[in-house]
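Scroll down for the structure; my scribbles are underneath it.
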Protein chains: 2
Amino acid sequence: MADLKAMAVSRAAANAVKRSRAAAKDLATDGSGEAGLQPGELAEFIGYPLKRAQLRIFEDFLRCVAPLQLTPAQFSVLMLLDRNPGRNQTEIAHTLGILRPNFVAMLDVLESRGLCARMRSANDRRSHIVVLTDKGRSVLSRARKLAAKHEARLTELLGSANRAALLAMLSKIATEF
Amino acid sequence: MADLKAMAVSRAAANAVKRSRAAAKDLATDGSGEAGLQPGELAEFIGYPLKRAQLRIFEDFLRCVAPLQLTPAQFSVLMLLDRNPGRNQTEIAHTLGILRPNFVAMLDVLESRGLCARMRSANDRRSHIVVLTDKGRSVLSRARKLAAKHEARLTELLGSANRAALLAMLSKIATEF
DNA sequence: GATATTTGATATATTCAATAACAATTACCA
DNA sequence: TGGTAATTGTTATTGAATATATCAAATATC
């Protein structure tokens, strides 16, 4: 199980490399005799650059956190568990926009890797309280450091103030649009 | 074929509505006695708000362009065909980051709806030049108008200058990160 | 106490994305 | 020139992400 997920991470990282190379090739051809295709107006619609930026960011996150074999989704679960102890599966999944049925398999993977555990709630014996294990906290701590490098690269590209403005606007879109 | 795709679009729009309701419920509980879960630091990592904003934007795009039954991906293909006539499948697909094998089915749908057509190239009889039909141009023209409303709502939320800055930063991430 | 709801789980379907392989055509080059 | 390599569109197939319906167990509601 964990091995399958690990392979998936590695394969995603490999694909990221391929896409990067393709993009680099594009830039190269843009400057040379062959004219590259122009997105044109497409780049003026928010969805197009937004989706491409999201793919690029996830690629880089995956690459940076590859030593710990964590996907962005898995990282987000560990972060949420750390911040919100004593919550059950439904609450965690719902906060992340993950449907409960799909969250079961996600948790299975994390639990099989010893990063978190299901505990039967004393109050409500239907629900499983999800807790971070010591190993989970340790892995999360290291993941935060690796992800911080990824974030630092972005800050380097945009500048600190611009990055903050970007975060604010994206959050606003996610919550108020 | 076209009907299947049409259903897919409608279903995606329906799901979008559900997610919006769930989010609204979250905001409601945040203000009431029950404390909502906090993403905490997670919101400081670019990937999290970026992904959520992308989902929200795509939801709204889908809703706005629903009368024409076009997904963001299909819209991007039509836009690219309009801007770059005389290109073959490989070139169009590559520019949009779509793998050639997956682009075949996408084109099949658009062609079966009469929005574009494959033309054998005179120079290179291996390749298919993809052209917009008159109907394709007509649908694209209407789609642009619907999408413009969607974009206007975003401008209303962020302000014109901020939206421009957002676009610039996302494009920079997509191309330079 | 009977009925409805919630929780975690299973099974399943669909979409998106990725790889391998193939025939037809073209490019290369010895 | 002829033989090999590369390219194009295509098919088949796989895996990952996302969505729905349904179920048993536990709880809530009335």
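First the proteins, then the strands, lettered A, B, ... as listed; each starts at 1.
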Short side-chain N/O contact to D:dA26 OP1/OP2 from A:R125, under 4.0 Å: yes
5'-most contact on DNA chain D: B:K51 or A:R120, nearest heavy atom basis? B:K51
Could you tell me the separation between the CZ atom of A:R100 and the C1' atom of D:dT20, rounded to a whole number of Å? 12 Å
So does A:E111 pair up with A:R118, basic N to acidic O under 4.0 Å? yes
What's the CD-P distance between B:Q74 and C:dT15, to the nearest Å? 11 Å
Kindly state whether the ring of A:F75 and the ring of A:F61 have centres lying under 6.0 angstrom apart. yes
Could you check how far CG of A:N102 sits from P of C:dT15, rounded to whole Å? 16 Å
Between B:T90 and D:dG9, is there a side-chain N or O to OP1/OP2 distance below 4.0 Å? yes
If each of B:I129 and A:P101 is mapped to the nucleotide of DNA chain D with the nearest heavy atom, which maps nearer the 5' terminus, i.e. the 5' end? B:I129
Are A:S141 and A:R137 close enough that some pair of their side-chain heavy atoms sits under 4.5 Å apart? no
Measuring from the side chain of B:L99 (C-beta onward, heavy atoms only), which nucleotide among C:dT19, D:dT10, C:dT7 has the closest atom? C:dT19
Taking D:dG9, C:dA9, C:dG8 as options, the one with an atom nearest any side-chain atom of B:S127 is D:dG9
Please identify which of these residues, A:L115, A:D82, A:L81, meets the side chain to side chain contact (heavy atoms under 4.5 Å, CB included) condition with A:L140. A:D82
Nucleotide nearest A:R126 (side chain, heavy atoms from C-beta), chosen from D:dT20, D:dT8, D:dT27: D:dT27
Taking all heavy atoms of A:L62 and all of A:P72, pick out the closest pair and write down the distance. CD1-CD, 3.7 Å
Interatomic distance where CG belongs to A:N88 and C1' belongs to C:dA9 [whole Å]: 14 Å
Given atom CD of A:Q89 and atom C1' of D:dA25, what is their separation to the nearest angstrom? 14 Å
Closest listed nucleotide, where the reference is the side chain of B:D124 and the choices are C:dT26, D:dG9, C:dA20: C:dT26
Without decimals, in angstroms, what is the distance between B:L62 CG and C:dT15 C1'? 13 Å
From CG of B:L55 over to C1' of D:dA19, roughly how many Å is that when rounded to an integer? 14 Å
Separation of D:dA17 atom P from A:L96 atom CG, nearest Å, is 14 Å
Establish, with yes or no, whether the OP1 or OP2 oxygen of C:dA9 is under 4.0 angstrom from a side-chain nitrogen or oxygen of A:R118. yes
